[in-house]
Structures are given as structure tokens and as C-alpha cells.
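In what follows, chains carry the letters A, B, and so on, assigned in the order in which the sequence lines appear, proteins first and then strands, with residues in each chain numbered from 1.
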Amino acid sequence: MNEQTPAGNFDEMDSVCIRFAGDSGDGMQLTGTQFSVVTALEGSDLSTFPDFPAEIRAPVGTTFGVSAFQINFGSVEVSTAGDEPDVLVAMNPAALKVSLAGLKEGGIIILDEGAFNKRNLDKAGYDSNPLEDNTLDGYQVQKLDITKMTLESVKEFGLGKKDALRSKNMWTLGLVLWMFGRDRKPITDWLEQKFKKIPDVAKANIAAVNAGHAYGETVEVSGELRRYSIGKHEVEEAGEYRTVNGNQALAWGLVAGSQLGDISLMLGSYPITPASTLLHTLSGLKEFGVMTFQAEDEIAAICGAIGASFAGNLGVTSSSGPGIALKTEAIGLAISTELPLIVVDVQRAGPSTGLPTKTEQSDLFQAVWGRNGDSSIVVLATSNPQDCFDVGIEAVRIATKYMTPVMVLSDGYIGNASEPWKLPDINKLEKFPVKHHTDTEDFHPFKRDPETLARPWVKPGTPGLLHRIGGIEKDYDSGHISYDPKNHQLMTDTRAEKIANIANDMPEQSVSLGTEGGKLAVVGWGSTRGAIHQAVKRARAENIDVSHIHIGNIWPLPRNLERLLKSYDKVIVAEMNKGQMNKLLRAEYLLDAYSLTKVTGQPFKITEILDCIREQAGDAS
Amino acid sequence: MNEQTDVKKLTFKDFETDQEVRWCPGCGDYAILKSVQMTLANIGATPENTVFVSGIGCSSRFPYYVETYGFHTIHGRAPAVATGVKLANPDLDVWLVTGDGDGLSIGGNHMLHVLRRNVDMQIMLFNNEIYGLTKGQYSPTSKPGSKTPSTPMGSVDLPLSPCSFALGAGARFVARGIDTALKALPITLERAKDHKGASFVEIFQNCIVFNDGTFDQFTQKKTAANSQIHAVHGERMIFGKEKDKGLVFNLEKFALEIVTIGENGVKEDDILVHDETNKMMAHMLVELTAPDFPVVCGVIYCNPEESYNDAVHNQMNAAKSAKKADFNALIRQGRTWIVD
Ligand code: SF4
């Protein structure tokens with residue numbers, strides 16, 4: 001907490017990080033999301049991190065059932081969901097136990113004293129009550145009987161105890177809104193809308209929000225709780241904004257791409273964490289000509305998409321690591337038949353089932369190289385929620401222009417995290433109308449465009465262009481089955497060349513912060529963007545000569561990347577895996593970089609990268 | 001415009017491609033190819049609106065030999081690819097070619113779901129009870145005890161019956177045919193094409209190299225009359241050289257049995273009438289096996305329901321008429337704020 005001069009009865013601060021933690025059933029995700037919306041509406045920059053267990057309803061009160069939502073917001077650019085929360089809201093002992101270690105020294109803890117009974121303490125594995133021993137020494141602890149006060153506040157609506165207790169999170173939200181001087185109206189409006197059909201529940205929840213808020217006002221007099229004010233973030237660009245999470249933005253990006261390319265989308269998908277919301281979002285957009293097919297498995301999902309592409313629509317399939325592994329053979333079919341296809345991989349921690357709800361970037365090798373045969377595809381990475389929108393459009397453009405599968409790498413953190421997004425006007429985005437081939441003159445299905453090396457895309461139903469394609473090697477000239485050795489060499493070379501050439505149709509790699517050339521560069525890709533950006537920013541403020549390069553186009557790599565990377569004395573590659581990008585850059589450029597890695601299922605902290613920069617800068621000088 | 005001019009009726013020859021057919025000489029696939037090409041000519045198929053999709057295996061080379069659009073996909077996955085094709089463009093007439101290994105082993109799951117969903121297409125499963133392309137291993141339809149390269153002491157697992165599987169999966173059209181039955185098979189395939197939904201046709205196909213004669217018991221000319229019934233809706237289930245045998249339902253045993261007309265007071269009127277909409281009957285008919293029973297061919301079950309592709313497109317159309325596709329409005333839904 002960067003405290004500045006207090007104004008009125010508010011302490012003014014640049015940025016605050018709050019972590020709402022409770023049981024899976026306590027509604028912490030909802031509380032966090034709603035607080036984010038209000039925060040965004042009041043003009044703060046923000047970044048969120050929903051951190052929840054894989055179990056839908058893990059046993060009540062246990063540490064592994066703790067669901068948390070972290071939000072970092074400020075009048076300054078925040079970029080990440082925050083290294084260490086300033087404020088922890090803990091709805092039960094388990095939530096306290098899980099989150100305490102991450103809390104900032106001297107931070108504020110608001111906890112529901114009413115939940116600290118013997119049963120819950122036992123379940124959380126506390127031998128003694130942390131409210132009574134010295135566990136919480138050094139923190140500013142607010143022990144409130146939220147359970148009791150919530151029951152009190154909703155009494156008049158005659159709900160059963162179980163239902164009444166559901167409003168605990170709203171009471172807490174009310175108090176937190178008061179603490180940060182935030183408006184209640186968007187919340188009460190939302191509650192009214194959400195529970196339109198059960199007005200009593202709406203009223204009870206609103207009463208709880210108001211009661212939490214009123215509680216703050218009452219104790220303010222006694223000076224026990226302080227209030228904090230976070231000013232508006234002065235964004236450079238004027239316009240209309242909203243908050244958006246990565247999966248939502250990616251779904252919209254794909255739809256925007258289909259509109260700009262004038263091509264119908266067909267998504268084949270199979271539910272999997274953390275990619276399912278793509279399927280949910282796209283299945284609700286039928287009016288845009290988006291068709292969704294919930295297939296019987298991952299393989300059928302991609303095969304359905306490939307069938308749709310063969311028939312002239314753009315096939316898309318979405319999944320996460322284990323599902324992508326299942327789709328691998330089919331990706332090969334799309335490579336061999338040179339059909340456009342988009343494969344979205346919202347990565348999670350692996351191998352195997354791994355940690356389904358935790359984030360990682362360990363599918364890089366799988367995306368770039370993970371197939372039988374020499375089988376290049378385009379791989380694009382998203383780096384934050386708003387970037388997902390642009391990457392979605394770019395994936396459509398490239399897949400259709402070059403007749404190739406495009407893999408989009410996102411991850412669980414980006415997929416679920418929310419950030420403000422300046423809303424684009426689709427009418428101002430560049431169109432790239434897709435044309436199916438209809439010319440019967442001198443046609444064969446693998447006759448390539450001399451510039452893009454793409455083969456013609458013919459819709460079945462077109463007269464005069466009957467043809468058969470398949471996964472067997474094709475003759476370069478006629479497209480017929482061919483087992484000829486020289487032809488296979490030529491076709492393999494051509495497929496690789498086609499993908500490599502796409503680098504000429506993509507922007508050069510830019511330096512996102514700092515200078516071209518210098519002592520040190522930190523290279524990242526994907527969701528580490530915010531953390532690297534902040535770390536480099538702070539290091540530069542310490543006069544360390546360091547720059548940030550964030551790679552979005554993973555394959556083919558940007559055409560100037562080698563030159564750019566070699567313009568620094570030293571390079572750190574920071575990523576959430578065991579060094580896959582580092583190895584890829586080494587393989588391509590013989591780059592001798594320092595590999596900073598993390599695979600805890602949690603995003604990088606700014607300080608972890610900053611420490612590494614300081615250390616490497618020391619070595620570099 | 002006079003649409004009648006110059007409409008030349010295509011013949012089966014118009015559905016042949018310039019590709020050299022690469023099946024073993026004498027393979028049953030040749031006859032099936034001919035039947036399919038005849039069927040396409042008979043139904044007046046438009047080549048450009050027809051798509052053949054296949055998986056992997058001997059049978060799956062089929063698309064290369066039919067002058068239409070074709071997609072030779074990967075092992076077992078043809079039903080999923082074909083589903084995508086049909087969803088993307090429901091005007092296309094989709095034919096799926098698969099085998100007992102492709103369709104019921106590696107691709108069993110997809111076969112189950114394409115039938116359950118009732119995606120409008122004709123599914124021809126060439127059952128030769130063996131893996132041909134990989135050189136003769138036993139398949140999920142091989143008879144127990146089959147001695148093959150991978151089962152030198154004989155196979156020990158029990159086979160499945162493709163038509164029982166199809167009925168169990170919820171197929172609304174189930175039929176059977178024989179590779180060399182050049183008269184009967186096109187009629188069955190025409191019915192399959194007329195049925196709007198997933199039409200499952202098991203075709204007994206002789207693999208002359210690895211499993212020659214496996215269906216001889218009921219497909220040989222001299223035994224056929226006594227070992228096959230060609231099911232026709234509304235007609236009695238009569239068979240035999242002398243047309244004197246028939247099927248009746250034995251209520252006490254809850255089973256079908258063979259009777260002879262004129263013996264033990266059995267009259268022709270006692271013989272079961274085929275009702276292709278009766279699923280219970282279909283279940284019983286597909287379970288009859290040689291040599292104890294005649295093998296039932298023709299359309300065994302046909303009871304149409306709305307196809308998956310129609311249902312999907314109905315929803316698409318409903319959504320399109322209910323809501324305007326305004327992208328800028330879409331992303332501005334919910335709470336937004338202005339920075340000036
Ligand atoms: S191996 Fe058998 S099924 Fe395959 S082509 Fe030869 S005869 Fe036909």
C-alpha cells in the first residue's frame with residue numbers, strides 16, 4: 001500500500017490489492033467480480049485473479065475447498081493482480097490459513113469471527129484458534145461476527161437460515177465498498193436484475209449490502225476501521241470501456257474475425273476447464289452465424305471443425321492441454337489437407353490432468369512441435385484479456401489466408417482474469433473478405449497461390465471443381481495420392497516454407513518497454529506480460545538498463561527477433577514452465593539466455609522477476 | 001429460363017473417377033462401389049452436391065473412386081468429420097464409408113454418437129470381420145476363435161453385431177446388404193438416402209485375401225434362398241427355396257422361430273408381417289444368425305425423427321430472426337463507462 005497524504009477521512013492510495021477468500025460455496029467469485037465491476041466503473045485500472053479449486057463443492061470448511069478472488073486496482077497502471085494482498089477478507093479459518101502467507105506484512109484482515117468455531121478450526125487443521133494465539137500478530141485484524149450480523153440484517157425477509165447465510169458475501173461486499181468509498185448502486189441494480197423472479201432474495205441481499213455498509217459507517221466513528229480512496233486512473237485513450245476476461249474477449253475476437261472475413265464460424269468443442277466458457281459464450285451467438293457443436297470427445301470436436309472447414313466454414317476447436325493432446329492427430333490431418341482451422345489452447349498446469357484450475361505455460365512445445373511428422377502450424381499467444389480479442393481476429397485472418405491450422409495459446413490466468421478494455425468499433429477494423437475458389441480453369445486442389453503458397457479453398461457444392469483430399473501424401477502438381485519419395489520431400493519443404501513465409505505478413509517484434517539494444521532484456525510470452533512489465537518498469541526506475549520484449553507470434557517467430565535479441569548483452573527468458581521458450585530460442589538462434597521459470601500454478605510475482613533482473617544486471621555489468 | 005433443357009441423366013459411369021482402383025482383385029469392395037455408383041445414378045444425384053467421407057482402412061479408399069467431392073480422413077473419425085460437413089452445409093448429400101475396424105473399434109464412440117444424434121447421412125459399414133489394410137488381424141466383429149497374425153491361438157473376445165449396436169445407439173434407420181447383391185443393395189441404399197437422418201447400412205463384404213468366405217453360409221447362391229430373408233415393410237417374413245418357410249413370434253418363449261407353411265397347421269397368414277417401424281421387432285431380427293436362422297437383409301428398421309442438422313439449423317434460424325447481429329452492440333452489453 002503506497003500511502004499518501006490523507007484527504008478528509010480517507011487515506012489516499014495509489015493502488016490496493018484485495019483478496020476475498022472463503023469456502024467454495026461462499027460466493028467469493030461473485031463478490032470479487034461485482035467489486036471489480038464497481039471499481040472499473042469508477043475509473044480505476046484493475047486486474048483480477050480468480051483462484052478456485054477444481055472441485056465444484058469441495059467439503060465445506062477444508063483448505064482445499066477455499067475459493068479466492070484477488071483484485072488489484074489503482075489510480076496507476078496495475079498490469080497484474082498484485083504480488084501481495086493489502087487486504088484479506090477471510091470468511092472461515094481455512095480461507096485464513098490458505099491466504100495468510102501471501103498477505104502483506106502489516107496488512108488488513110477482515111474475518112468472520114462467527115465462522116471460527118471448533119468444527120471449522122479442526123477442518124482447517126488449526127490446533128489452536130488463530131484469533132486467540134499470536135498467529136495474527138503484526139496484522140490489522142478486524143474480527144467481525146459477519147454470520148450473526150448477516151442473519152440479523154435479513155431477518156425481516158423470513159428466509160431459512162441456510163438461505164439467509166447466503167447473503168454473508170453481500171454483507172462483506174457492502175463493508176468493503178464502504179472502506180473504499182465505492183458506490184453501492186451498481187450492485188443493488190445488479191441484484192434486483194439477477195433475482196427479478198425471487199424479489200425476497202433480491203431484497204435480502206440488498207439489505208445485507210446496506211447493512212455491511214452501515215456497519216462501516218457506525219464503526220468509523222470509533223476509528224477502528226479506516227477508509228481508503230483510490231483515485232481515477234488517467235487513461236490516455238478516451239473512449240468507451242468495459243471489463244472483459246480473456247475467454248470472453250477471445251470468443252468475441254473470433255466472432256469479429258468471422259465478421260471481418262465474412263466467413264461463418266463453426267466451433268466443435270468438448271467441455272474442459274479452463275476453456276469451457278469459450279463454448280458457452282459462442283453457443284449464445286447464433287445470430288452471428290456462429291454454430292457450436294458440443295462433441296462426444298475432444299477428437300470429434302476437432303474433426304467436426306475440420307469437416308466444417310472442408311465444407312467452407314471456418315472450423316474452430318477449443319480446449320486445454322490434455323484435450324489438445326487428443327486432437328493432435330486431427331491437427332495433422334488439417335495440416336496435410338491444408339484446411340483453415342483454429343485450435344484454442346487455454347493452458348493449465350500439467351502433465352496429465354495436472355492442476356485443472358491453475359495456470360501454466362507448459363504447452364509451448366506441444367503447440368509448436370507436438371505432432372507426428374514435420375508438421376508446422378502457426379502459433380499465436382495472447383498476453384492479456386484485451387489482447388485475446390486482437391489475437392482472435394488475427395487467427396481468423398491467417399487461417400483463412402494461408403489455409404493452415406492456427407493454434408492460439410491462452411492460459412487459465414488470462415482466460416479468467418478481468419481487465420478494462422477499450423471497446424473497438426468493428427466498422428473501423430480492417431476487413432479481409434474470404435473468397436472461396438470457383439474458377440474451374442486449370443484447377444487442381446493443391447495448386448498453390450504463388451505468393452502465399454496457399455491452396456485453393458473450394459466449397460463442396462461448387463460445380464466443376466470435384467475433388468478428393470485426404471491425409472495421404474499428395475502429388476505436388478495434381479493433388480492425387482502420391483508415394484513418390486521426391487514428391488514427399490518437396491511437399492514437406494513446401495508446407496514448412498508456407499508457414500515460415502507468414503512471418504513476412506506479421507509485424508516485426510517490438511520492444512514493449514525500454515530500448516532496442518542494451519545490457520539486459522527480459523523476454524516473455526503470454527500471461528507473464530503484466531508482471532514482467534511492472535518489474536522492468538521498477539528496475540528502470542532503479543537505473544538498471546533493462547528492456548521488456550514480449551513475443552506474441554510464437555510460430556513463425558518474428559523475422560527481426562534474432563537480430564533484436566542479439567542486440568542485448570544478456571537476455572532473461574521468464575516463463576511459467578521449465579524453460580520451453582528459452583529452449584526454442586536457443587534452438588532457433590543459438591541464444592544463450594538465462595531461464596527464469598516458475599511452475600507453482602500461480603502467476604509470477606513482480607518481485608520475483610525484479611529480483612532476477614537485479615541479479616542478472618549485476619552479473620551483466 | 002427453361003430448366004428442362006440439356007439435363008442429361010447421369011449413369012453410373014459418370015460417377016467413376018480417373019483413379020486406378022487399388023483393392024485386391026476379387027475384393028467385395030468392387031461390387032459395392034458399383035452398387036453405390038448405380039444408386040447415385042438412380043437417385044439423380046448431383047455430383048457437386050454429394051460428398052463421400054471415410055476413415056482409414058480398405059473400405060475408406062472409397063471416396064477416391066467416386067466422382068463427387070470426397071474426404072479421406074483419419075482412423076475412426078469419419079462420423080465426426082461428416083457431422084461437421086453436414087452442419088456447415090446441410091444441402092450437401094453426405095455418404096460415410098467405414099469398416100468394422102474403423103467404425104466399431106477405433107471409431108466406435110463416434111459411430112455411437114452420429115447415430116444417436118441422427119445426423120442426416122448414409123453410413124455404409126463394410127463388415128468383413130477382419131482388418132484388411134494392416135494385414136489380417138481380427139476385428140471386433142470377427143468370430144470367436146479366429147486365427148489371425150495377432151491371435152495365433154484363436155481370438156478369445158466376443159464379437160459385436162453392428163446392427164444391434166446401431167439400434168442400441170438409437171439409429172432411426174438400420175438396414176443390411178450383401179456386397180455382391182447388385183440388385184438388392186442399390187434398393188436398400190436408395191431407401192437409406194430417402195431417410196432423413198442417420199441411415200445405417202451394414203454391408204457384408206468378402207475380404208478375399210484375409211477372411212475369404214466368412215459369410216458363405218448365407219451369401220452363396222445355392223444356400224441364399226434358405227438362409228436369407230429380404231425384409232420388406234408390410235410383407236410376410238417368408239423365405240426358402242419353396243417360399244414355404246417363415247418367421248413367427250413364439251409368445252411363450254418370447255422369441256422368433258422358424259415354421260414351415262403347411263406343417264402343423266401353419267398357414268401363410270400366421271407368418272409375421274414385417275413392420276419396419278417396430279423397434280422391438282428390429283432388435284429381434286438383427287439377432288438372427290446363420291446357420292440356425294436366416295440372416296435378415298433389407299430395411300430392418302426405419303422410424304424417422306427430426307435430424308440433428310435440421311434441429312441445429314432451426315435454432316440458428318430462430319436466433320437470427322429473434323436478434324439482430326450487431327457486434328458493436330454485443331460487446332457493449334452490460335456495464336460500460338466512458339473516459340473522455
Ligand atoms: S485386403 Fe481384403 S478388404 Fe482389403 S482390399 Fe484386399 S480383399 Fe479387399
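- Side chain of B:R77 to main chain of A:I299: no donor-acceptor pair is present (N/O by atom type, distance under 3.5 Å, no hydrogens or angles).
- Of residues 307-317 of chain B, those residues with a non-hydrogen atom less than 4.5 Å from any non-hydrogen atom of chain A are, in numerical order, B:Y308, B:V312, B:H313, B:Q315, B:M316.
- Taking all atoms of both residues into account, the shortest heavy-atom contact from A:L333 to B:F71 is CD2-CZ, 4.0 Å.
- Taking the six-membered ring where the residue is Trp, A:H467 and B:Y69 present perpendicular rings, their angle passing 60° and hence far from 30°.
- Looking at A:V458, the atoms closer than 4.5 Å to chain B (heavy atoms on both sides) all sit in the side chain, from C-beta outward.
- Atoms CZ and CH2, on A:R242 and B:W337 in that order, are 8.5 Å from each other to the nearest 0.5 Å.
- For A:L339, the part lying under 4.5 angstrom from a heavy atom of chain B is the side chain only.
- When B:N49, B:D340, B:N109, B:T73 are compared by the number of non-hydrogen pairs under 4.5 Å with chain A, B:N109 comes out ahead.
- Interface remark: B:V66 contributes backbone atoms only to the contact with chain A (heavy atom separation under 4.5 Å).
- The pair B:K324-A:E287 does not count as a salt bridge, with every side-chain nitrogen at least 4.0 angstrom from each carboxylate oxygen.
- With a 4.5 angstrom heavy-atom cutoff, B:T83 touches chain A only via side-chain atoms.
- Expressed to the nearest 0.5 Å, how far CG of B:L330 lies from CZ of A:F288 amounts to 4.5 Å.
- Under 4.0 Å is where a charged nitrogen must lie from a carboxylate oxygen, and between A:E296 and B:R116 no such pair does.
- The CG atom of B:N328 sits 6.5 Å away from the CD1 atom of A:I426 when rounded to the nearest 0.5 Å.
- Ranking A:L465, A:V255, A:I306 against chain B, the residue ahead of the rest is A:L465, based on heavy-atom pairs under 4.5 Å.
- Most heavy-atom pairs under 4.5 Å with chain B: of the set A:P463, A:G471, A:G464, A:S264, this distinction falls to A:P463.
- Ranked by heavy-atom pairs shorter than 4.5 Å toward chain B, the options A:A249, A:G289, A:C303 are led by A:C303.
- Not one N or O on the side chain of B:R335 forms a donor-acceptor pair closer than 3.5 Å with the backbone of A:V37.
- Once rounded to the nearest 0.5 Å, the distance linking CD1 of B:I56 with CD1 of A:I472 reads 6.5 Å.
- Atom-to-atom distance recorded for A:M266:CE and B:N89:CG is 12.0 Å, nearest 0.5 angstrom.
- Counting non-hydrogen atoms of other residues, nucleotides and ligands closer than 6.0 Å to CG of A:N427 gives a total above 12.
- Interface residue B:L92: only side-chain heavy atoms are found under 4.5 Å from chain A.
- Contact of A:A40 with chain B is made through backbone and side chain together, with heavy-atom distances under 4.5 Å.
- Listed options A:G332, A:P445, A:A300 were ranked by heavy-atom pairs under 4.5 angstrom with chain B; first place goes to A:A300.
- Your options are A:K286, A:K422, A:E42, and the one with the most heavy-atom pairs under 4.5 Å with chain B is A:K286.
- Listed here is the closest heavy atom pair of A:R468 and B:T68: NH1-O, 2.7 Å.
- For the atom pair CD (A:Q259) and CZ (B:F327), the distance works out to 7.0 Å, reported to the nearest 0.5 Å.
- Put simply, of A:P186, A:A295, A:P424, the one with the most heavy-atom pairs under 4.5 Å next to chain B is A:P424.
- For the set B:H113, B:H75, B:H110, B:K323, the count of heavy-atom pairs under 4.5 angstrom toward chain A peaks at B:H110.
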Give the C-alpha distance, both sets of side-chain angles, the deciding distance and a yes or no for salt bridge (charged side-chain N to carboxylate O under 4.0 Å, His left out) between B:E48 and A:K459. CA-CA 9 Å; B:E48 65 263 26; A:K459 260 186 182 177; over 6 Å; no
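- Heavy-atom neighbours of B:K320 NZ from other residues, nucleotides or ligands within 6.0 Å: above the threshold of 12.
- Considering all non-hydrogen atoms of both residues, A:E237 and B:V339 come closest at O-CG1, 3.8 Å.
- No part of B:K86 comes within reach of chain A, as not one of its non-hydrogen atoms sits under 4.5 angstrom from that chain.
- The greatest number of non-hydrogen atom pairs below 4.5 Å with chain A, out of B:T50, B:D326, B:V53, B:V114, is found for B:D326.
- If you measure heavy-atom distances from A:T337 to chain B, the contacts under 4.5 Å come from the side chain alone.
- When every heavy atom of B:V85 is checked against every heavy atom of A:G307, the shortest pair comes out as CG2-O, 3.3 Å.
- Among the residues in residues 309-316 of chain A, those with a non-hydrogen atom closer than 4.5 angstrom to a non-hydrogen atom of chain B are A:F310, A:A311, A:N313.
- Other residues, nucleotides and ligands place more than 12 heavy atoms under 6.0 Å from the OH atom of B:Y131.
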